[in-house]
Structure formats: C-alpha cells, structure tokens
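Before any comments, here is the structure.
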Amino acid sequence: MAKVTLPDGKTREYADGTTVLQVAESIGKRLAKDSVIGIVDEKPVDLGFKITGEVKLKLVTKQQPESLDHLRHTCAHIMAQAVLRLFPKTKLAIGPPIEDGFYYDMDPEKPFTPDDIEKIDAEMQKVLASNFPCERFEMPRTEAIERCKKEKQDYKVEMLGEWTDDKVSFYTQGDFTDLCRGPHLASTGVVPAVKVTRATGAYWRGDEKNKMLQRLYGTAWWSKEDMEKHLFLIEEAKKRDHRKLGQELDLFSVHNEIGGGLVHWHPRGSMIRHVMEQEWYADHIKRGYLLVNTPHIASEEIYKISGHLEAYKDLMFGAMMIDDRPFRVKPMNCPGHIMIYKTKLHSYRELPMRLAEFGTVYRFEKSGVLHGMLRVRGFTIDDAHIFVTPKSVEKEIIDVFNFAVEWLGKFGFKDLAIYLSTRPEKSVGAAADWEKTEAALRNALNNAGVKFQLDEGGGAFYGPKIDIKVRDSLGREWQCSTVQFDFNLPSEQRFNLSFVGEDGNRQQPYMVHRALMGSVERFFGVLTEHYGGAFPVWLSPAQATVIPIADAHIPYAEAVAAQLRNAGFRVDVDARNERTGHKIRDAAILKTPYMLVVGEKEVAAKQVAVRERAGKDLGVMDVTRFESLLREDVASKR
RNA sequence: GCUGGCGUAGCUCAGCUGGUAGAGCACUUCCUUGGUAAGGAAGAGGUCGUGGGUUCGAUUCCCAUCGCCAGCUCCA
C-alpha cells in the first residue's frame, strides 16, 4: 500500500506503484491536466514516478510559476535533440532553465549561423509534433561514463567523472537520449510555445581559460499569448535602449577616432546632467558635505601607498613619464581626498568629515565589455569620502544608505536590489578586520531593517561594501549607489590617518567611500531607459517649445520664450519655415514636455495654447499661468 | 580579452552570383504663411570602416586590423 499525504494534510491510499499522474487523476481531471511534475518528499519527480510506501506529495501545476522552469528545462532537451538531428557531431554540455527561458551550451563542429537557428527552431517544432514521451532510466555511473565515451559526449564524461553518485539517470525522448537528473514533462507535445532566440559564445564552465562553446538561447511559455507578450516586451525594451535614445534625442555620442568607452555629452544631455549636478550639490551641502576638487593624474607613488598598483593594476591605464617620474591617470578619487584630509590635524569634534566631488576617473575596461554609457572607460563618480570615528561609523553608514535611497527615489527608482559585498580575492588588510567590518555593515543593514542579498567576494579591494542596484529596461541589474567601509587606507601601512580623540591621544579614523549615482554616465544611461527618454519636466533639456504658426507670430513667440527663460525655465522657439503639425511632431519626437502653440488668437489675447508631449490639450492660458504650472512640475519632480 | 554577427550619405537602410553606388528622413535654396505627429520643388552630400591580397577590374571574394552589436569573462 502507498500512503500519500497531500499539502492540505489529507492522506489517501493507493496500490504500490501508482504513478504521480494517477494520483492527480484520482483527485481531479483538471489537476491531472495541469500537473507538470510532482514533488515527492521534497524531491521533484516525473509524473510517471511510481509511488511506494508512505510519502508526502505535492503537484506542481502550470499555474505555479516554478512550473516554467521545468517546461524550459525540457525545452532545452528538445533544442539539443533538434541540434543533434541537424548536426550529429555536436557535443553537449549543460542546458539549464533561466529567467524567461533556457539555454544549452554545446560544442558543434561549426558555430551556429542565424540561418542554423531558424533550422533548429523548425526542427524543434517537428519534435513537438511527434509528441515523444520523456522516459527516465537509470544506470550505474561507471556504465554511464562508458556510454557517453562511446557517444563521444566528452563534456558529459567530464561531468560524470566528477559526480559521486552511484547511479545516474538518463532521459529518452524519441531518437534522443541525454544525461539528466530530471524531472521532465511527460512528453514533448506538452510544450505549447517555444522559440530559439539567439546563439552566442560562452566559456565551458564560465572560465575564460576553457574552450569557448556555443550557447543557444531559447524562450518557452505555457501559451502562445504569453510568448508573444514576452517577445513584445523585448521589442519595447529595445526602443528604450539608451544608446538608441541617446542618438535620437541628441544626448551623447562615442567616437572611433577618440576611442571606445569615452562619452561625449551633447548640449541636451549635458543640460540634464547639469540639473542633476545642481540637485546633488544642494542635497550634499544641506547634509554638511564639503566640496573639493582634485587633479586627474597623480604620481605612481600615491597608488603604491593606496595599494591600487598592487590590487587594481589591470584596471589602470599605463604610466606616462613626467620629469622622470611615472604618473597615472586616476582610477579612483580617494587618494586625493585623503591628501586633503592629511593637510592638518583633526579633532574628533570635526568628524565625520565628508569630502565630496564629481571626480572623473579612467579605468581600462576590456574592449568587449564596453556598452553605451553603462560600461565605459572614462566616467565621473559622484564621490565622497567620509572620515569618521570608529564609534559613529555604523550610524554614518546608515545615514549614507538612507541618503542614497532618497536620492534614487527622486528619479523614480523604487525597486532596488541591495547587496552586501564581502572580501574579494585580490584584497588588502587582515582577515580579522574584514570579518569585523563585514559584520558591522551587516548589523547596520539589519538594524535599519533593510533586506539584502549577499555578494560573496564582491567587495572593494580595501573593504566590504553595500551596493544598491537598479534594473535597466532589458532587466539587467546595474550597480549605482555604493557604500564602502574602509579600514585599510587610513591604516599605518597606508596613509596613516589620525584624529585627536577626547582623551587627547591620536586615534585612527575609518573611511566611508560612497557614491549615490556611482558613475554619472551609467546613472544617466539607466535613467534614460527608465524614462524611455521622456524625462520629467525638472530634468528635461527643453521644458517647453514655443511653436509660432506663421512667421508673423515669431516676435511674440520669442517674447514668450524670453519671459519663461527669465523665470528660470528652459524654452526653445521653433521658428522654422514648417507647418504647425510638423513642428508638433518634431517636438513630440524629442519628448519635450510642453508645446506652446501661438497664432493670431494667442498673440491678440497674450496667451499660449498648451499641449503635452503625449498629445493632451491643456487649452489656452496666460503665460504666467503656464509659468506656475511649470513651477509646480519642477517642485514635485514630475 | 574570447566566440559569433555586423560596418554603404548626418540618421535608418537597399544594392542577386565582382563591371567604381541608390531610397526615405535630416541639411541648403526657392515656393508656400500654413492651427496641433511629416506642405511642395530643386540642390548638395559617399575614396562603400581601414590596410593588404586575388583579378583586366572589388562595395561585392580572401586575409589582417579597428569599431559596433549579442553573449561569456570582468565590473561603477
């Protein structure tokens, strides 16, 4: 007798060897139809799994999000099956489900072309149509190694050699068999919607020392509509790509002749940056930060002291000789701020001392990682270094964290991912200090009630950090804010910083490195995608465009613009010899928040006809009335 | 850096198997003075990323190189 306990606590009895599917059928037709796999005693199993003895059973149905993982896992196998049919000599590596889809890493004789992808996709449809049952069988691991050797599946042999299980499982679906832990869908025909999306390279086991394999990506869903929706969202995301918008909206450019990863801010982009910087300065001054400015190059000597040459060398541009001394372009702003701190003796009463700067740094990033404004070689950090007594470091860290959250909120970033990043491989300082400071950051976050994830080994070389990441339109996470705890640079072995304590003795301060935006370039890129280029009024490079209907109305348009500019707003006049519709369209494409149409009637009444960028007509109003409308928008960061 | 793809006018792109280039938008001029997402006409604009090679001849084929794109690795 098999005794099955269901999630609701009820127990049912079946004959030994009853399958999971049969149990589902005994409960309800609908349940049986929607069940994808079973979970027996916490272990996922196929629907065909035969139950014996006393077990707990949970059925995973299509309605549960995790069922998609199993669908996609089976799809990875179906894709591999299609590939082997078309390219029999392909060697298979691994094929897991991922967010929104799956991939399979493989080693074909020739890399896949876009044409191959279509063929593979078509072949997959045939596999679906055949509705092969996915059948599990087991064999001893040693036997499995022999089998895979015979089939020349080198990567499977390698994996099997490393496993310790005595028995391993395979799955067969029609003409295809693959080593796999399972579970799988009952048959290939169960898959309603699947598509191969792209092929790229990927290192075997993610290690760049290993061979580069071909990774085929695919996506799969429980309905065609879900897949269409997903593909549509991807298309929409492409429209928001900051590189595309950067060109369309005339925000920035990058030039071959000057070099990759070196961003040129155009007037419209620079205006947005300027507004952000002004806001930033005001917020920092309000919180007692002190503004500083430091040079872009420095003698190597300083980077020996800081440890950059030791731990950060690969990311620094090469040395240039000046007066027979090697100099470097700065990769970080901390040494300069530290030197300012060191110019005099400080009392504990002065701390925390917060030195802030928009510091432009240059880092040598490998050419393949450069990406618009999000990954560049020269960028400006909205940097600050806070010199703080050990006693108040935890409070300062929380203050900074809250400052960062408030700052991101101003730009509509509410969905944040927070990480605690611990000691990296290349690091300086004693292990005990690392443990102590990691614990301090953890405490600070816990005490503030912040939920966070751990990023093992993701810290800076001089200390652990708290990172806040935001998502771009393609779902990629980008690090913006960072709060870093540094006990290394102030130490005797480095810059030997001190302050005079209450007892009159010299003590060593801690440092907090922090940035709210991280890189201004990256932040701007993410922001552009976030708003889809439709910047809120307070940030928009042009807040309104005055559109005279005919040449006769140009003087009045200029007068309106002058009045608004006088009031502190950014206003253009479109005096081109074009029809009104044309000018409206162009302003809409540039996503200018307001269009002020002025013709004969407006000139006579001394008014403007206001239209929003999305098309809404706000009617005719006095210029002063429009002025207060703008003022409200700016004040509320709309 | 690695694997694959791409690189034609300011932008978006056409150009089959080799015979030195085309469209739309943008730009300039003229006509038009037009009321809420493209008024009309004419003109100008390219050593087809760069350097080699094959060929009587290369934007087209081959090699190298640079850049961009998708990922991998790495990272703010």
Side-chain angles (χ1 to χ4, degrees), chain A residues 103 105 107 110-117 197-217 241 243-244 247-248 250 253-261 312 314-315 331-332 361 363-377 379-383 421 424 458 460 465 467-469 474 476 478-482 484 513 515 517-523 525-526 547-554 576-589 595-602 609-617 620:
Chain A
Y103 67 79
D105 282 349
D107 191 6
K110 278 187 220 149
F112 299 117
T113 64
D115 208 38
D116 293 338
I117 290 178
T197 49
R198 59 189 188 276
T200 64
Y203 298 109
W204 166 231
R205 303 194 151 167
D207 188 335
E208 60 181 323
K209 289 184 198 81
N210 288 339
K211 184 169 183 187
M212 172 81 57
L213 308 178
Q214 292 296 304
R215 175 172 295 179
L216 276 176
Y217 283 93
D241 191 311
R243 292 163 300 183
K244 187 173 152 70
Q247 186 177 68
E248 286 171 3
D250 198 9
S253 59
V254 180
H255 305 270
N256 276 355
E257 300 84 336
I258 287 179
Y312 214 72
D314 293 347
L315 278 169
M332 284 186 182
V361 299
R363 298 182 188 174
F364 173 69
E365 296 285 351
K366 291 176 180 177
S367 64
V369 307
L370 301 178
H371 183 87
M373 276 199 156
L374 299 184
R375 195 75 184 275
V376 295
R377 284 181 170 161
F379 58 100
T380 300
I381 304 176
D382 65 314
D383 219 347
S421 303
K465 57 180 185 169
D467 289 327
I468 306 178
K469 299 187 184 184
L474 290 165
R476 290 176 288 215
W478 292 100
Q479 182 177 323
C480 290
S481 309
T482 180
Q484 308 177 353
H513 306 237
M517 295 187 266
S519 143
V520 176
E521 280 76 4
R522 172 177 294 180
F523 189 76
V526 174
I547 298 175
I549 287 184
D551 288 353
H553 315 123
I554 292 176
R576 290 176 305 168
N577 180 11
E578 290 294 349
R579 291 183 137 77
T580 310
H582 195 115
K583 296 179 188 179
I584 297 263
R585 177 170 190 270
D586 286 352
I589 287 171
M595 295 157 221
L596 311 179
V597 179
V598 296
E600 214 171 313
K601 282 180 280 180
E602 288 75 17
V610 183
R611 180 199 155 106
E612 289 183 345
R613 62 183 151 202
K616 193 177 170 200
D617 185 0
V620 180

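Convention: sequence-line order gives letters A, B, ...; per-chain numbering from 1.
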So if I take every side-chain heavy atom of [X] and compare against [options], which nucleotide ends up nearest?
X	options	result
A:R198	B:A70, B:C74, B:G35	B:A70
A:M212	B:G71, B:U36, B:A70	B:G71
A:Q214	B:U36, B:C69, B:U3	B:U3
A:E208	B:C72, B:G1, B:A37	B:G1
A:Y203	B:G1, B:G71, B:C74	B:G1

Reckon [X] touches a base, only the sugar-phosphate, or nothing at all at heavy-atom distances under 4.0 Å?
X	value
A:A199	nothing
A:E602	base
A:I584	base
A:R215	sugar-phosphate
A:Y217	sugar-phosphate
A:L370	sugar-phosphate
A:K209	nothing
A:V376	base
A:G581	sugar-phosphate

Of all residues at least two apart in sequence or in a different chain, which pass the side-chain hydrogen bond (donor to acceptor under 3.5 Å, both in side chains) check with A:K211?
A:D107
Taking the [atom1] atom of each, how far is [N] from [M], in whole Å?
N	M	atom1	result
B:C48	B:G19	P	15 Å
B:C2	B:A26	P	42 Å
B:U50	B:C56	P	24 Å
B:U73	B:G4	C1'	16 Å
B:U33	B:G39	P	15 Å
B:G67	B:A23	C1'	26 Å

Check nucleotides 8-12 of chain B for protein N or O atoms closer than 3.5 Å to its own N or O atoms and list the pairs.
from	atom 1	to	atom 2	distance (Å)
B:C11	O3'	A:Q247	OE1	3.0
B:U12	OP1	A:Q247	OE1	3.3

For a side chain to side chain contact (heavy atoms under 4.5 Å, CB included) with A:E602, tell me which candidate from A:L596, A:V620, A:V597 qualifies.
A:V620
Listed pairs, N/O of protein and of nucleotides 32-34 of chain B, under 3.5 Å:
from	atom 1	to	atom 2	distance (Å)
B:U32	N3	A:N577	OD1	3.3
B:U32	N3	A:N577	ND2	3.2
B:U32	O4	A:N577	ND2	2.4
B:U33	O2	A:D551	N	2.8
B:U33	N3	A:D551	OD2	2.7
B:U33	O4	A:D551	OD2	2.7
B:G34	O2'	A:R579	NE	3.3
B:G34	N7	A:I549	O	2.4
B:G34	O6	A:I549	O	3.4
B:G34	O6	A:D551	N	3.2
B:G34	N1	A:N577	OD1	3.4
B:G34	N2	A:N577	OD1	3.2

Pairing of A:K366 and A:E208 as salt bridge, 4.0 angstrom limit:
yes
N/O-N/O pairs, protein side and nucleotides 63-67 of chain B side, under 3.5 Å:
from	atom 1	to	atom 2	distance (Å)
B:G67	O2'	A:N256	OD1	2.6

For [N], does the base pair up with any side-chain atom of [X] as donor and acceptor (N or O, under 3.5 Å, distance only)?
X	N	value
A:R611	B:A37	yes
A:R375	B:C74	yes
A:E365	B:A76	yes

A:H582 NE2 to B:A37 P: how many Å, rounded?
13 Å
Run the salt bridge (charged side-chain N to carboxylate O under 4.0 Å, His left out) test against A:R375 and tell me which residues pass, sequence neighbours left out.
A:E365
By ring pair (Phe, Tyr, Trp, His ring centres under 6.0 Å), A:F379 pairs with (sequence neighbours left out) none
In Watson-Crick or G-U wobble terms, with both distances under 3.5 Å, the base opposite B:A37 is none
